[in-house]
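Here is the structure we will look at, set down as structure tokens.
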Amino acid sequence: MTPLLATQALHCSFARPHGARVKAVDGVDLALAPGEALGLVGESGCGKSTLLRLLLRLQAAESGTIRFAGVDVTRATGRALAPLRRGVQAVFQNPHAALDPRASVFAAVAEPLRIQARLSRRALADRVQGLLHEVGLPAEFLWRYPHELSGGQKQRVCIARALAPGPKALLLDEPTSALDVSVQAQIIDLLAALREREGLAFLFVSHNLAVVRQLCDRVAVMNAGKVVEQGAADAVLAHPQHAYTRTLLRAVLPPRPRSLQGSTAPGQEAAR
Amino acid sequence: MSLLEIEAYRLAFDGFEGTATVLDGIDLRVEEGESVGIVGETGCGKSVLARSLLRLNPMPPARVLGGAIRFAGDDVLTMTPPALDALRRGGIGMVFQDPVTYLNPVFTIGQQMAEVLRAHAAGTGRRPEKAAIRARTVELLRQVQLPEPETLLARYPHTLSGGMRQRVLIAMALAGEPRLLVADEPTTALDVTVQSQVLALIADLIARMHLTLLLITHDLGVVGAVCRRVVVMYAGCVVEDAPVDRLFDAARHPYTQGLLAAVPDLERPDHRPAGIAGSIPNLRSPPAGCRFHPRCALAMPVCRERRPALVEAAPDHRVACYAATP
């Protein structure tokens, strides 16, 4: 089966002072199958966000290819880029910064529809209301502004906006890390339900390995611009092969102190 | 006498849209040598409470409505400016969340550490020599396990990683040899691997220097790693106060139970985290009675009318909930 989104030997580097260059994405091969949820984990500066920006064509690749549904879109412009723009949408980390403070919820969600689809005024209003319903917001939110919403509600609006063009894949960049845990659980539930209902594929960037395990089928671990390990989520997170993955897992603080569970798993010594 | 005693403390913020009672009757004691975590979600008042200990909330807009805060027996709320200076200098050391914003980008680490040390010395009427300040700075940086402290003195904050900057801030907080270290989300801005190192450092310091720790966080995992006792806050109130093990094993308050159920666990992938329905109340017009009752599955008529007091549900374990206490 053709992957929905695939990269091959993708490279991107940035200039540093004194002529040095930092290789943010250094030869990444990654494939996202239709309907699959792929987790991308790694620490700050490992290149996850740059990779996401490359896939969204917000950042130009130096070499390598990006394919969307089998078509090379690495350097596509204009009309040739439209399928990618419609088919791949993003939800970012900080919902407080991702919404225009002067745009109502309706305006925010309607904008991609105005650009991507020609709808009558009536159809547009219906569709926006439908999208809000899908992300669990009642219709009374239509005319509210971002400052009247909680963090979780804002992230729901961002998800509705991403769903508006009818994408095949969502690229989610730490979508819950700015939210409280009780809200995080609601957003994860929403994402899981949406994926099931719409058959969406997810590329889920996170440093929270527990959330990744909850939501993803497969995991890719990035370190210093390279994918160092990838495989089924259960396999990678339960039996990590690469040393870096093990370091990452050891640093995870268990939600309850480990001694209570009688486990002797490593991680304790690092934290105590 | 406890090292820190907070009694029925109430604090409000006045704004254009009304007055928000951000802390509504906080009761909390911290004994010398204890490590206590304060846990709660956005807007529960945990950071405002931490800043109250040093009277760092700007007044106005903040206004104390009542209650008392005593540190080592001294009333913090009525302290004279010199006494308050002494408290900030040597009584309570504070570490804040974001190590980037608490260091001045145009001064070196050495200059900023020296400023702190000179201020401490000035308070006690001494004028230390340059060499003495330098020696003490190096000693403090070594204490927080920073490599090559001598070369670090000449470096600027932007050349340091987030973890290193947080260590510098911890060193500054320790400069006045405080009895109580207050850390407000000290690892939230850090990567997980760095977080576990910084927490290990904090745990090590309190053990070695016999410090008392008050750690403020939204992350139950962080509390489990370094604290002996946990205080859970919701919407400006303390709802539960228990030893760490007990809280994780036998939480009584429905809000605490909800928080625990919301955390995904890497080791139990089949456990489905559940969110807490509803959202935090507007503190300008909080619900009557228990502030959690609109989101509570166990709410009874009395919960809507009267505020439950924080009462002992088991030895050492206090809960503010009618449903959880007989």
Side-chain angles (χ1 to χ4, degrees), chain A residues 41-46 96 136 148-153 176-190 192 206-216 233-234 237-238 244 246-261 263 265 267-272, chain B residues 39-44 161-162 187-200 202-204 207 218-227 234 244-249 251 255 258-280 282 295:
Chain A
V41 301
E43 289 182 278
S44 324
C46 75
H96 307 287
E148 299 171 283
L149 308 180
S150 71
Q153 290 163 349
T176 62
S177 66
L179 307 175
D180 280 320
V181 281
S182 66
V183 181
Q184 167 174 289
Q186 296 167 5
I187 297 291
I188 298 294
D189 269 352
L190 169 66
S206 180
H207 65 265
N208 190 330
L209 300 176
V211 170
V212 168
R213 185 157 194 188
Q214 204 74 50
L215 199 63
C216 298
D234 286 340
L237 297 175
Y244 178 73
R246 280 191 218 125
T247 312
L248 208 57
L249 279 162
R250 243 197 320 273
V252 173
L253 297 170
R256 57 181 61 210
R258 274 211 178 90
S259 53
L260 292 175
Q261 299 173 322
S263 147
Q268 197 81 343
E269 53 288 62
R272 295 210 173 197
Chain B
V39 179
E41 295 185 289
T42 313
C44 73
S161 68
T187 58
T188 305
L190 307 175
D191 269 321
V192 280
T193 52
V194 183
Q195 160 166 295
S196 66
Q197 293 160 8
V198 170
L199 290 177
I202 291 177
D204 178 57
H218 67 276
D219 188 337
L220 286 160
V222 169
V223 164
V226 287
C227 296
Y234 179 78
V244 155
D245 302 4
R246 235 192 115 72
L247 190 93
F248 285 106
D249 272 356
Y255 175 65
L259 267 188
L260 287 166
V263 185
D265 188 343
L266 193 54
E267 279 162 14
R268 292 184 300 154
D270 41 313
H271 157 73
R272 259 184 84 82
I276 303 175
S279 51
I280 48 174
N282 181 344
R295 301 173 73 184

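Please read all numbers here as calculations on a predicted model, not as lab measurements.
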key: Per-residue contact mode, A:Leu248 against chain B (heavy atom under 4.5 angstrom)   = both

task = Please flag which part of A:Gln184 lies under 4.5 Å from any non-hydrogen atom of chain B: side chain, backbone, both or neither.
result =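 Contact with chain B: side chain only.
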
ask   = Is there a side-chain contact between A:Asp180 and B:Ile276, using heavy atoms and a 4.5 Å cut-off?
value = no

message = I'd like to check B:Asp219 versus B:Thr188 (side-chain heavy atoms, cut-off strictly below 4.5 Å). Are they in contact?
response = no

request  = For chain B, find which of A:Gly151, A:Ala192, A:Ala210 contributes the most heavy-atom pairs closer than 4.5 angstrom.
outcome  =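 Among A:Gly151, A:Ala192, A:Ala210, the one with the most close pairs to chain B is A:Ala210.
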
key: Which of A:Leu237, A:Asp189, A:Ile188 touches chain B most, by non-hydrogen pairs under 4.5 Å   = A:Asp189

task = Identify which part of B:Val222 has an atom lying under 4.5 Å from any heavy atom of chain A, answering side chain, backbone, both or neither.
result = both

request  = Sort B:Ala261 into side chain, backbone, both or neither according to what part of it lies under 4.5 angstrom from a heavy atom of chain A.
outcome  = neither

request  = Working to the nearest 0.5 Å, report the span between OG of A:Ser182 and CD1 of A:Ile187.
outcome  = 10.5 Å

ask   = Can you list the residues that meet the salt bridge (Lys or Arg N to Asp or Glu O under 4.0 Å) rule with A:Arg246, with sequence neighbours excluded?
value =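 Testing A:Arg246 for salt bridge (Lys or Arg N to Asp or Glu O under 4.0 Å), a comparison that skips the adjacent residues, returns none.
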
Test side chain to side chain contact (heavy atoms under 4.5 Å, CB included) applied to A:Gln186 - qualifying residues, sequence neighbours left out = A:Arg156, A:Val183

